[in-house]
Each structure stands twice: as C-alpha cells, then as structure tokens.
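Comments concern the structure below.
The sequence lines fix the lettering, A, B, ..., with proteins before strands; numbering per chain opens at 1. Just so you know, these numbers come straight off a predicted model, no measurement behind them.
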Amino acid sequence: MIISIGCDHIVTEIKNHLIDYLESKGHKVIDNGTYDKIRTHYPIYGKKTADKVASGEADLGITICGTGVGISTSANKVDGVRAALVGDVETARYAKENLNANIVAFGGRILGIGLIENIIDVFLGTEYKSTKENEKIIQKINSLNGHVGQVNDDDYFDEFLKKWDCGEYHD
Amino acid sequence: MIISIGCDHIVTEIKNHLIDYLESKGHKVIDNGTYDKIRTHYPIYGKKTADKVASGEADLGITICGTGVGISTSANKVDGVRAALVGDVETARYAKENLNANIVAFGGRILGIGLIENIIDVFLGTEYKSTKENEKIIQKINSLNGHVGQVNDDDYFDEFLKKWDCGEYHD
Amino acid sequence: MKVAIGSDLKGYELKEHIKEYLNSLGYEIQDMTLEKELDFFDVTCKIAKAIQEKKVDRGIVIDEYGVGSFIVANKHKGIICANVFDEHSAKMTRRHNNSTMITIGSGIVGVRLAEKIAEIFLASEYDGGRHQIRVDMLNKLW
Amino acid sequence: MKVAIGSDLKGYELKEHIKEYLNSLGYEIQDMTLEKELDFFDVTCKIAKAIQEKKVDRGIVIDEYGVGSFIVANKHKGIICANVFDEHSAKMTRRHNNSTMITIGSGIVGVRLAEKIAEIFLASEYDGGRHQIRVDMLNKLW
C-alpha cells in the first residue's frame, strides 16, 4: 500500500521509526514531514498528509503529534478524509471497518511504540464492511465537506506564517 | 524524595529520560540499571529497584519494561512492596491514595513519555489516606509476604544466569 | 461556563453518569439528548452548532468508540475536537489546541476514567501564545 | 482450557458481561464469585490458588482499577499476573511473560475494550525460548 505520513517536530523520531517499520513490511511511504525537530506547526503536516489521501495519491494516512489531536483535526478538515484519533487497537479496527477511516492518528507522547505498531498493523489489515448502515453514516459525514479549493494548496497557511515570522505570535 | 528506578534493555532511553526529569524536579534518583541496550532480564532490575524501597533506602520506586508486566511482577514479589502497573493517571492516584503503592510501573512500549511524566507527577504528589478500610486491605496484602531472605541478595538469580551463559535458554 | 453534553444510544448510560458527576462539581450542564433516538452524527452536529453559535462554551459527546463523533465534530468550521481516552490528553488539548469539544468512547473508557477526562477538560485553560498560529490555521481550514 | 473469572462488587457488572462474551466464544468459564460480597483481595486469592493447584489454567479478575488485584495476585508464589488496559499488552504478556492471570479495572476499561483484552489474553500463546529465564527468575521469587 502507499501510506502518506506526517508529524510535527515533537515526534519526528517516532515518524521516522514508523517509516522504517512500514517499508520493512513492503509499503511505499510518502513522508510529508516535518523532517527535523525545529519548531513548526502541525496543521501544515496534517493537511499535507491528508491531501495525498484525498487526492488518491496515497491509499491511507498516518498522522502523529504530541497528543494526536491537533494534527488529526487538521486532517479531518480536508474533504473526503476521515481521520481516526485512537488510543487503542479496537477503536482503530472499528473506525476502519465501519467508518472506512482513511487516516489513523495517535499521540506520540501518549502511546508507546509497541502499541502504535499494533494499531497500525490492525488499521492497515482491517477491511471496510460496506453495509447499508455504514454507507449511510459515511454519506452523512461527506455531506459536511467544506471548501474543496484548499487541497494541495501549499501556500494555504502563508498569511499565518508571515505573521509568525514577524513575531506576532509569542508566549 | 529518593526514587529507586529500574528498567530492562528495551526501554533504557526512557529510564534515562525519566532520571533527568526527576532530578530536574529536585529528586534524588538511585539508578538500578540496566544501563545500556544489551539483552538482559527484567527480574534482576525489578528486584533491585524494589529492594531499595523495601529496605527504606528509597522512598518510592519506578519500574519500566516493554509492557511493564514482567518488571512490576518481580517488584511485587519483594516483601513490603506494592507495585502498581498502570496505563493512566487515575489508577496511579488511586493506588497511592488507597493502597499506599510504593512503586509505580508502566510499559515503555505501551505509554508515551508525556503520559508517563503525568503519571509520575501524580503518583509522587498523591498522599496515602490512612482509613480503616485502606489499612485493612494493606494488612491483608502484607500477610501474603514470602521469604524475607531474598532482599538485597545480589546473587539471587545466579543459577539461571549460569544456565543462560551455558546457552541452555535459546529461541 | 455553559457545557452541552449528548450521546447516542450506546453512550447513553455513561452520558447520564457524567452529567450527574459534572453537575455535582457545579457545572451548568445542558443535555442535548434527552431523547434516546439520536445517532452520533446527529447529536454531534447539534452540539457543534451550539458551539459555533456561541450558545454553549464546551461540548462533550459520548458514543461507543468516540471516534465517529470526533470525525463529525471536526468537519464543522471552527470546531476543534479531541477524542480523549486519557487524562493527560484531556488537559493538553485544552492547553495547546484550545479545543472546545471532546468525545469519549463508552466502550473504551471506564466510568472513573471518563469522569476525570470530563472534569479535567472543563477545568483546563488554553495556553495561547505560540499555540495560536496553529489554532488560526485550523480555523482557516473548514 | 479452564478459565476462572471473578470480581468484587464494583467489577461485578463487567465480569458478568465478560463471562457471557467468553462463553459465546466457546470457553469454559468458571465463575468464582457467584456471590457478590467478596472484596478484590479474597477473590484474587481464590483464583490465584486455583491456578497454583492447577484446578484452572487461566484467571481473570475484575475490580474497579485492576491494580489492587494485580498486586495481590503477584504476591502468590508462581503466579505471574498483568493489569491490562490495552489489547497489545494482553497479547505480549502471554507471549513474553507466560502470565496465567490478568486483572481489568472496570472503572478504567470500557466493555468493548475489556472483551478484546480477555479474548486476546486467552487466545495468545507463550513464546518460550529466551523468555524462560525471566519466567524462571519470577518463579524463584515468592
């Protein structure tokens, strides 16, 4: 399978480990970054990872940040993406089987690597069951889609990055 | 506080991180090893960590292995030790408050470092509540104690280590 | 602070419990699913809209796995929602993501843990500062 | 394989559910707490002894947090017990620790997750090999 993966600077090493893990199992991985530990912003990588899934370039996606919340929220705001934030194997199984989730997400500061690998194995290995009930809920979710124009627009966040560079955001 | 800590070779880096974390908060740490990633055996470090707590040399202990099960089981088999294997903050709070747990344990391949730090903060920060009910259950647990002779006996596992060195254990 | 709570059928029992628990802590809880028939999609939309319209400040949705409601909530413009199964995330998602909604899976999270998650989500504040650029980015997305 | 199950009062409801679930999977389940009055200490000792005496092969104890029963079980000679809150640990503790008992906290783990934990614990086998030295060490300890 082709897996689109993305993370923020808090969990870069975990993402790198998972790329090796996925490639060792024969998957092709699209690494959307971030590539180092320099402070950056999770929506950039959540959106990039999700865009590849939405456009069909990748089959499935994986997003990771500290808690998983920020990056998976940004992924979910991409049309056609259903990103499952999970803390256990069974929720990943359910989300794939019933909601046809196409991204799995977790917190690299919440879960350990053994559990993460097990979640990924099950997420990739579980088939969606196309029942009437499941199709109905997915159609309802799709009806909430927003503005398609944002997909694969790499300049989408420029206005905020400019403000950041000008020092307008500070602790 | 004086904290006794121990791990197996699967999670040495997590233990090292936690030593820095604890020292940065002003605690004194007794590092019972293991100190590298060379294959070794969790009961050695679970027992060493627990012995320091049982003998009063340390106030509390922390044990970590892949799932936390093996090392915390060995700790619990030391007289006077109540080692709480937890996957969440609330269980750690309960175990300290009600069972006066003196070791907290978790799986380094199960939990992420943010959650682990939060669990440790709460475990160290929670006071035992000496109620009649809590005292009764702790007395019952103490009544199960085994052979006191094993505490701080560093040669305790030699018979198995000799067999290991002779290649009698193999996959 | 006004807090909306809701559930589908499978989350109903835990929702009732958490509602009582939060009431006992002094929160004003608005139950959006007094009727039991809603599915998680409908109840989540109802609560997300109440937040969008500023009728409530926070929302909590309970379904069997949490994850369905989590996806639905985040498909709403301006909503940042976390599917929470641990106390640490409940705190951090307020502090770093300024999330206004959480979901909890009644089939995954036990009642004591769910109490703590809801309590800490409501008690934690947003850190602001550098985190605001990420929240601005999320809010530009749908 | 003979499986003993038990609970204290707070774990009773989940125990009843898991018992039915495991029965439906074809396991022979022996309920050690048909009476509701046992505390977690007594029920855990009862099940640990049944394993020590080889009357059953596996034991599952459910109390509110799992952790009390976990401590009690491991105070028994020859017993290796895991407090389990995730499916991965349920598998790994069989494979690496050859554990014969698990505990589950009904206040922490939801019913769907508890089902999977119990199911995978019973379905997983011990790897043996290098892991045996550690199990031998545990068994020399009390």
Which value, rounded to the nearest 0.5 Å, describes the distance between A:E90 atom CD and D:D86 atom CG? 12.5 Å

Which residues in residues 102-123 of chain A have any heavy atom lying under 4.5 Å from a heavy atom of chain D? A:G114, A:L115, A:N118

Determine whether more than 12 heavy atoms belonging to other residues, nucleotides or ligands lie under 6.0 Å from atom CD of D:E20. no

Is atom NZ of D:K49 surrounded by more than 12 heavy atoms (other residues, nucleotides or ligands) closer than 6.0 Å? no

Please determine whether side chain to side chain contact (heavy atoms under 4.5 Å, CB included) holds for the pair A:R93 and D:E87, giving the CA-CA distance in whole Å, both sets of side-chain angles, and the decisive distance to 0.1 Å. CA-CA 12 Å; A:R93 190 181 283 121; D:E87 200 175 313; 2.8 Å; yes

Which residues pass the side-chain hydrogen bond (donor to acceptor under 3.5 Å, both in side chains) test with D:Q132, not counting sequence neighbours? D:Y126, D:D136

Sorted by number, residues from residues 3-36 of chain A in contact with chain D (heavy atoms, under 4.5 Å): none

Verify the neighbour count for atom NZ of A:K140: are there more than 12 heavy atoms of other residues, nucleotides or ligands below 6.0 Å? yes

Side chain to side chain contact (heavy atoms under 4.5 Å, CB included) with D:A114: which residues, sequence neighbours excluded? D:L14, D:I18, D:I104, D:V109

Counting neighbours of NZ on D:K10 that are heavy atoms of other residues, nucleotides or ligands and sit closer than 6.0 Å, is the number greater than 12? no

Flag if over 12 foreign heavy atoms under 6.0 Å of CD, A:E127: no

